[in-house]
Amino acid sequence: MTKFHQFDAVIVGAGGAGLMAALHASKGCNTAVISKLYPTRSHTGAAQGGIAAALNNMGDGDSWEFHMFDTVKGGDYLADQDSAEILAKDAIDAIIELEHMGLPFDRTPDGRIDQRRFGGHTANFGERLVMRSCKAADRTGHMILQTLYQQCIKQKVRFFDEFFMVDLLMNGNTCVGCVAIEIATGEVHVFHSKALMIASGGFGKIFKVTSNAVSLTGDPVAAVYRRGLPLEDMEFFQFHPTGIYKLGILLSEAARGEGSVLINGKGERFMEQYAPSVKDLAPRDLISRSIMSEIRAGRGIDGKDYVYMDFRPETINKFKSGPGGKEVTREHLEKSLPEIIEFVRVYMGIDPMEHPVPIQPTAHYAMGGIPTDNEARVLDANEKVIPGLYSAGECACVSVHGANRLGTNSLVDLVVFGRRGGKEMVEYAKKTDFTALPKNSEAQVVAELESLRNRVRKDPKDGERVSTLRTAMQDTMQLNVSVYRTAESMAKAVADLAELKARYANVKIDDSGKIFNTDLLEAFELGCMLDLAECVARTALARQESRGGHAREDFPNRDDKKWLKHSLIWRNDGASNASLVPHGKYQFGERPVRLGRFEPKERKY
Ligand SMILES: Cc1cc2nc3c(=O)[nH]c(=O)nc-3n(C[C@H](O)[C@H](O)[C@H](O)COP(=O)(O)OP(=O)(O)OC[C@H]3O[C@@H](n4cnc5c(N)ncnc54)[C@H](O)[C@@H]3O)c2cc1C
C-alpha cells in the first residue's frame, strides 16, 4: 500500500546543502527531509579541509573580490560571474551564521575564526597565497553537518531517514513531489510538495578510484534526467590530486595548506616546474595533470603509477613550504591534520610523520549537474524556471565552479545556495497552492522496481550480476574518461556503456524480499549510474577543447571562440518515465556563460 504525505517543502538529501535549505525553509513553511542515509552519515561529514570565506582574520589583505576572482579563474572562466560574486560575498555572512549556531571553528590566539591556505586561493588577483579556509581541525564537514542537523531538530524539521528517492513527480511542467521507498520495509511513499529540492550530492561512484562514499550514486540526478530535464556541464569531473594510492581515499588539500609537498621518483618537488608561483597549492586540475605527466615520463616512484605526498616536518622545513615559510613542528601537524594522519596510519599502515605517502589522482567532484539559477530554482533547456523544483549542493550546477572547483568552495556553495534555495522555497510555498498529483503517479516506477525485485537468480550463473556490470562501468570510466582524454578513449567508453546498458536488461538479484533489500536498491543505483556515466562520456566527447577538469590530448588548448559556453544534455526518446534511458537517446544543448567583471585570460599560476 502506498503511503501519501503532503509538505510545503520536501528536500531530498541531508548533507550540508539539504540541511541548510531545510533549516531556512522550516522557518516559513512545513518541511520534510528525505535521506537514504541517516542524515549525519552524509558525505559532507567527510569533508576535511575547510570552508572558504574572505574574513581576512589573518590580516593578509583578503577580500571577497579576490575570492570571486580566484573562483572564476580556478574554474577556467566557465563560472557564471554573477553567481561567483554571490558565492564570495554571501560566504562571509554564512560563516558567521554557522558560528552563531555553535559550530566549533578553530580559533586564533585572539579568539577569531582561524584560517589556512588552500589551492588557488590568493590575494590581489593571484599575487600571493592567502589564508581563506575556515576550519575545525580537519573535521570541518563533520562539524557543519552536526551543527546543521541539531538546528534542524530544534526547528522540528520532519526527517524521513533511510528513505530512498526513486522518481520525480511532474504534472505537466510543474514538479509536484517525488516517490521514495522506505528501505526498512520496502513500502512505497509518495511525497506531495509545493517545492521539492534535490540536494543529493555527487556521483563519483561512476569511477573506479574515487574519494566519494559508496552512497554517491546520483539516483535523484538520474531521476531528473529520466524525466526529460537537462543536465549541465557533465563533462567536467574533478580528479583530486591526492588520493591514497589504489584506494582513492582522500588526503585533503589541507595537508598541502600546512606545507606538504609532492615529490617524484627522482626526489624532485616537481610542482615548481608546473606552477612556479603557487607550486603545490595550484588548483587541482593542474596538479592532477602534472602528476600524470610525471608518471607518464617515467618519473613516478620507482617508475610506477604514483608519486609521494611528503608531510614529514623535516621535508616541509627543508623546502620552507609551511605557512608563511615558517618552521613547522610534528606537534603542530598532528594537531591540525589529525584525521588525515590517522587515515594514512590506518589504511596504509605507514606513519606519515616518518615516511612519504604514495598518492594518485582520485575522482572527486562533479562540477556539472542539475542547472539552477541563483535562487536554486531548476531551469529547463530554455533557461525557464521549472515551477516547484529546486536543487542545491554538489548535484546542482549554478554554475559557480565552472570547469574546475577550488578546494573549500564546495562547503561554501552548500551553505550559500542551500540557504538561498530554502528561503526561496518559503516564498514560493506562501504564494502557491498545491498542484494536483497525477493519478497513480507512482505506478510506473513501482512496476519497474517490482519487475527488478522479481528477477531472482535461479543458480549462480543465471543472469548478469550488478557487481560485475558496476566494476566494468567504473573501469571504463576510470581508464577512458580520466584526467587526460582523447576522442578514441571517450568513444571507447561510450561503446562500453552501450554494451553495459544492454546487459543491464538481464540483471538478476538474489534477494526478493521487502525488508532492507539493498540488493534491489544497488541494482537500481547501477541503472542510474549508467545513465549519468553516459552523460559524462557523451558530453566529454562532444567538447573539443581543454578547459579546467576536461583535458583532451587531441585538443590541448582552451578555445573560447567555440567553447566558452555551458553544455546541456537531456533525454529525448519521447517517453516520460523513470526507466533506464535507452543508450543514445539524448540531445545536446548549450547556454552562454555569464561573464562580467573578469574577461577570460590565460590561466597562469
Ligand atoms: C572525502 C571528501 C572530502 C572533501 N573535503 C572538502 C572540503 O574540505 N571542503 C569543501 O569545500 N569540499 C570538500 N569536499 C566536497 C564536499 O564535501 C561535497 O561536495 C559536499 O559535502 C556535498 O554536499 P551535499 O549536501 O551536496 O551532499 P552530501 O553531503 O553528499 O549528501 C547527499 C545526501 O543525499 C542523500 N541522497 C542521495 N541519494 C538519495 C536518494 N536516492 N534518496 C534519498 N536521499 C538520497 C544522502 O542520503 C545524503 O543525505 C569533500 C568531498 C569528499 C568526498
Side-chain angles (χ1 to χ4, degrees), residues 10-22 33-53 91 116 118-119 133-136 138-142 144-145 148-149 159-168 178-183 189 191 197-205 210-213 215-223 238 240 242-244 248-254 257 284 339-340 343 362-367 369-370 391-396 401 405-415 417-418 521 524-525 528:
V10 172
I11 290 151
V12 180
L19 293 182
M20 192 71 172
V33 173
I34 301 171
S35 174
K36 73 176 177 183
L37 300 174
Y38 185 75
T40 50
R41 300 184 75 101
S42 303
H43 192 73
T44 296
Q48 301 162 342
I51 174 164
R116 75 170 143 224
F118 241 78
S133 166
C134 310
K135 67 205 167 71
D138 55 0
R139 303 187 183 101
T140 315
H142 174 87
I144 292 178
L145 202 59
L148 289 175
Y149 185 54
F159 279 92
F160 292 86
D161 298 338
E162 300 186 332
F163 276 55
F164 189 114
M165 175 193 161
V166 286
D167 198 8
L168 190 67
C178 71
V179 186
I181 305 295
E182 185 174 354
I183 301 175
H189 293 251
F191 290 85
M197 176 183 273
I198 309 286
S200 61
F203 39 89
K205 277 287 153 189
T210 175
S211 66
N212 281 198
S215 57
L216 292 173
T217 50
D219 345 298
V221 181
Q238 176 170 84
H240 190 297
T242 60
I244 293 183
I249 294 173
L250 194 77
L251 299 180
S252 165
E253 203 168 308
R284 292 171 178 175
E339 292 277 309
I340 300 172
F343 277 4
T362 182
H364 184 58
Y365 184 86
M367 268 76 72
I370 304 166
S391 183
E394 186 169 339
C395 65
H401 309 302
R405 171 176 75 78
L406 291 185
T408 66
N409 259 359
S410 172
L411 292 179
V412 70
D413 172 7
L414 309 182
V415 294
F417 290 97
L521 294 178
F524 184 81
E525 286 174 345
C528 295

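When a ligand or atom number is given, it counts from 1 through the structure's own listing order.
For ligand 1, none of its N or O atoms has an N or O atom of Gly13 under 3.5 Å away. In terms of polar-atom proximity, defined here as any N/O pair under 3.5 Å, Ala392 makes no such contact with ligand 1. The shortest N or O to N or O distance between Val12 and ligand 1 is not below 3.5 Å. The shortest N or O to N or O distance between Gly393 and ligand 1 is not under 3.5 Å. Below 3.5 Å of separation, one finds an N or O of Ala14 facing an N or O of ligand 1. Backbone and side-chain nitrogen or oxygen atoms of Ser35 are examined, and one is located within less than 3.5 angstrom of a nitrogen or oxygen of ligand 1. In terms of polar-atom proximity, defined here as any N/O pair under 3.5 Å, Phe164 makes no such contact with ligand 1. The shortest N or O to N or O distance between Gly49 and ligand 1 is under 3.5 Å. Considering backbone and side-chain N/O of Val412, none are found under 3.5 Å from N/O of ligand 1.
Every atom of ligand 1 with a heavy atom of Ser42 under 4.0 Å away is listed here by number and element: 29 (O), 31 (O), 48 (C), 49 (O). Shown in contact with Asn409 at under 4.0 Å from a heavy atom are these atoms of ligand 1, numbered in order with element: 11 (O). Near Ala17, meaning under 4.0 Å from one of its heavy atoms, ligand 1 places the atoms 25 (O). Contact atoms of ligand 1 toward Leu216: 30 (O) (distance under 4.0 Å to a heavy atom of the residue). For ligand 1, the atoms lying closer than 4.0 Å to a non-hydrogen atom of Asp219 are 38 (N), 39 (C), 40 (C), 41 (N). Counting atoms of ligand 1 from 1 in the listed order, those under 4.0 Å from a heavy atom of Gln48 are 5 (N), 8 (O). Taking every non-hydrogen atom of Arg405 and a distance limit under 4.0 Å, the qualifying atoms of ligand 1 come out as 10 (C), 11 (O), 12 (N), 14 (N), 15 (C). Taking every heavy atom of Met165 and a limit of under 4.0 angstrom, the matching atoms of ligand 1 come to 40 (C), 41 (N), 42 (N), 43 (C).
The residue among Arg139, Lys36, Glu339 with a heavy atom at the shortest distance from atom 45 (C) of ligand 1 is Lys36. Scanning Gly15, Gly418, Ala213 for the heavy atom closest to atom 31 (O) of ligand 1 points to Gly15.
Heavy atoms of Leu414 found under 4.0 angstrom from ligand 1 belong exclusively to the side chain. When non-hydrogen atoms are compared, ligand 1 lies under 4.0 Å from the backbone of Leu37 as well as from its side chain. Under 4.0 Å from ligand 1, the heavy atoms of Ala199 that appear belong solely to its backbone. The side chain of Tyr365, and not its backbone, has at least one atom closer than 4.0 Å to an atom of ligand 1 (non-hydrogen atoms only; side chain from C-beta on). When non-hydrogen atoms are compared, ligand 1 lies under 4.0 Å from the side chain of His364 (C-beta onward) but not from its backbone.
In this structure, CG in Leu411 is found 10.5 Å from CD in Glu394, a value given to the nearest 0.5 Å. Separating the SG atom in Cys395 from the CD1 atom in Ile370 is a distance of 4.5 Å, to the nearest 0.5 Å. Note that the CZ atom of Arg139 and the CG atom of Leu145 stand 15.0 Å from one another [nearest 0.5 Å]. To the nearest 0.5 angstrom, Phe524 atom CZ is 9.5 Å from Thr217 atom OG1.
Gly119 and Glu253 make their closest contact through N-OE2, 2.5 Å (heavy atoms, listed as atom of the first residue, atom of the second, distance). Pairing each heavy atom of Ala223 with each of Val166, the nearest pair is CB-O, 4.3 Å. Residues Asn409 and Arg405 approach most closely at N-NH1, 3.8 Å, considering heavy atoms. Gly49 and Ser133 make their closest contact through O-OG, 3.5 Å (heavy atoms, listed as atom of the first residue, atom of the second, distance).
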Test side chain to side chain contact (heavy atoms under 4.5 Å, CB included) applied to His43 and Ser215, step by step
CA-CA 8 Å; His43 192 73; Ser215 57; 5.7 Å; no
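The protein heavy-atom contact nearest to atom 12 (N) of ligand 1 is Ser410 CB, 3.5 Å. Distance from atom 26 (O) of ligand 1 to its nearest protein heavy atom, with residue and atom name: Glu394 N, 2.9 Å. In this structure, the protein non-hydrogen atom closest to atom 10 (C) of ligand 1 is Leu411 CG, 3.4 Å. Protein heavy atom closest to atom 3 (C) of ligand 1, with residue, atom name and distance, is Leu250 CD2, 3.4 Å. From the protein, the heavy atom lying nearest to atom 13 (C) of ligand 1 is Ala47 CB, 3.8 Å. Nearest to atom 27 (O) of ligand 1 among the protein's heavy atoms is Gly201 CA, 3.2 Å. For atom 30 (O) of ligand 1, the nearest non-hydrogen atom of the protein is His43 CB, 3.4 Å. Looking only at protein heavy atoms, the nearest one to atom 21 (O) of ligand 1 is Thr44 OG1, 2.8 Å.
A donor and an acceptor atom, one from each side chain of Lys135 and Ser252, are nowhere located under 3.5 Å apart.
You'll find the side chain of Glu525 reaches within 4.5 Å of the side chain of Phe164, heavy atoms only. Contact annotation: the side chain of Tyr365 never approaches that of Arg284 to less than 4.5 Å [non-hydrogen atoms, C-beta and beyond]. Using a 4.5 Å heavy-atom threshold, the side chains of Pro39 and Asp161 count as touching. Taking the side chain as every heavy atom from C-beta outward, Met20 and Leu414 never approach each other to under 4.5 Å. Side-chain contact check for His240 versus Ser211: every heavy-atom pair is 4.5 Å or farther apart. Within the 4.5 Å cutoff, the side chain of Ile34 has heavy atoms near those of the Cys178 side chain. Residues Met165 and Ile198 are in side-chain contact: their nearest non-hydrogen atoms beyond the backbone lie under 4.5 Å apart.
No heavy atom of Ser215 sits closer than 4.0 Å to any atom of ligand 1. Close to ligand 1: Pro220, with a non-hydrogen atom less than 4.0 angstrom away. Heavy-atom separations between Ser252 and ligand 1 are all 4.0 Å or longer. In this structure, Pro39 falls outside the shell of residues with a heavy atom less than 4.0 angstrom from ligand 1.
Using a cutoff of 4.0 Å between basic side-chain nitrogens and carboxylate oxygens, Asp219 and Lys36 are scored as salt-bridged.
The aromatic rings of Phe160 and Phe163 sit perpendicular to each other, their planes meeting at more than 60°, with 30° as the lower class boundary.
Among Thr362, Asp138, Ile244, the single residue meeting the side-chain contact (heavy atoms from CB on, under 4.5 Å) criterion with Leu251 is Ile244.
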